[in-house]
Amino acid sequence: MNDYRDWRTLREIDLASGSAKGAAFRCFRALEAQWRAGIDYRVLHHVEDRAAIAALRAAGRIYAGSVNVVLLGESAASQILEALRRHGSAQG
């Protein structure tokens with residue numbers, strides 16, 4: 001199973017930016033059109049990726065209530081983190 005250590009979660013970005021829960025997700029949605037699924041970000045589905053999501057949850061990398069999980073590659077994660085730091089958690 002892939003541990004996704006080279007990918008960042010939205011929870012990790014919220015924490016790194018000092019933003020409230022959901023700020024990274026809103027920013028992701030605002031910027032998503034410029035990225036390629038599978039390359040810049042991945043979405044883990046609660047049925048197909050159940051084991052990976054459970055492992056991320058056990059490691060504290062995602063929110064306890066997360067159902068489907070967005071993972072961000074280095075560039076996308078950096079862009080969201082920068083946007084949140086520049087504009088605050090109101091971004092999105």
Side-chain angles (χ1 to χ4, degrees):
M1 180 182 71
N2 189 333
D3 65 5
Y4 297 106
R5 78 178 66 170
D6 294 332
W7 295 82
R8 296 293 139 243
T9 68
L10 296 171
R11 180 177 189 269
E12 291 169 332
I13 293 172
D14 280 339
L15 291 172
S17 67
S19 299
K21 178 182 177 184
F25 178 74
R26 289 187 298 276
C27 190
F28 165 75
R29 284 297 191 197
L31 299 173
E32 177 182 9
Q34 69 187 16
W35 297 319
R36 296 163 294 169
I39 296 172
D40 300 307
Y41 70 93
R42 291 185 169 178
V43 179
L44 302 182
H45 187 269
H46 68 279
V47 174
E48 291 88 6
D49 302 303
R50 180 175 310 179
I53 292 171
L56 290 167
R57 184 174 285 113
R61 294 187 62 198
I62 62 174
Y63 290 108
S66 295
V67 177
N68 297 316
V69 174
V70 175
L71 298 173
L72 300 156
E74 182 179 336
S75 178
S78 294
Q79 289 175 54
I80 290 175
L81 189 55
E82 178 60 30
L84 290 172
R85 287 179 173 160
R86 188 173 50 244
H87 299 293
S89 62
Q91 175 72 26

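Here the structure is a predicted model, which means the values were calculated and not measured. Values reported hereafter were calculated over all heavy atoms of this structure, with side chains retained and with hydrogens, waters and symmetry mates removed.
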Worksheet item: After noting the C-alpha distance and the side-chain angles of Ser75 and Gln79, does the key distance pass the side-chain hydrogen bond (donor to acceptor under 3.5 Å, both in side chains) rule?
Response: CA-CA 6 Å; Ser75 178; Gln79 289 175 54; 3.1 Å; yes
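- Rounded to the nearest 0.5 angstrom, Ile80 CD1 and Arg26 CZ are separated by 12.0 Å.
- A salt bridge is defined here as a Lys NZ or Arg NE, NH1 or NH2 lying under 4.0 Å from an Asp or Glu carboxylate O, and Glu82 with Arg85 fails to meet this definition.
- Atom NZ of Lys21 is separated from atom CG of Leu15 by 11.5 Å, given to the nearest 0.5 angstrom.
- Atom CD1 of Ile13 sits about 7.5 Å away from atom CG of Leu84, to the nearest 0.5 Å.
- Put simply, the side chain of Asp40 never gets that close to the backbone of Gly73: no donor and acceptor are under 3.5 Å apart.
- Listed for the Arg11 side chain is no donor-acceptor partner under 3.5 Å among the backbone atoms of Arg61.
- Evaluation of the ring-ring contact (aromatic ring centres under 6.0 Å, His included) rule for Phe28 yields Tyr41 as partners, not counting sequence neighbours.
- Side-chain N or O atoms of Thr9 include none that pairs as donor or acceptor with a backbone N or O of Ile62 at under 3.5 Å.
- Hydrophobic clustering, with ILVMFWY side chains joined whenever heavy atoms are under 4.5 angstrom apart, groups Trp35 together with Phe25.
- With hydrogens and angles disregarded, a donor-acceptor distance shorter than 3.5 Å links the side chain of Asp14 to the backbone of Gly22.
- Side chains of Leu44 and Tyr4 form a contact here, defined as non-hydrogen atoms less than 4.5 Å apart.
- When all heavy atoms of Gly38 and Trp7 are compared, the closest pair comes out as O-CH2, 4.3 Å.
- Taking 4.5 Å as the limit, every side-chain heavy atom of Arg8 sits out of range of all side-chain heavy atoms of Glu74.
- Scanning all heavy atoms of the two residues, the minimum distance from Asp3 to Leu56 falls at O-CD2, 4.2 Å.
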Which pairs would a plain distance check flag for residues 47-54, meaning a side-chain donor or acceptor within less than 3.5 Å of a matching protein atom at least two apart in sequence or in another chain?
from  : atom 1 : to    : atom 2 : distance (Å)
Glu48 : OE1    : His45 : ND1    : 2.5
Asp49 : OD2    : His45 : N      : 2.8

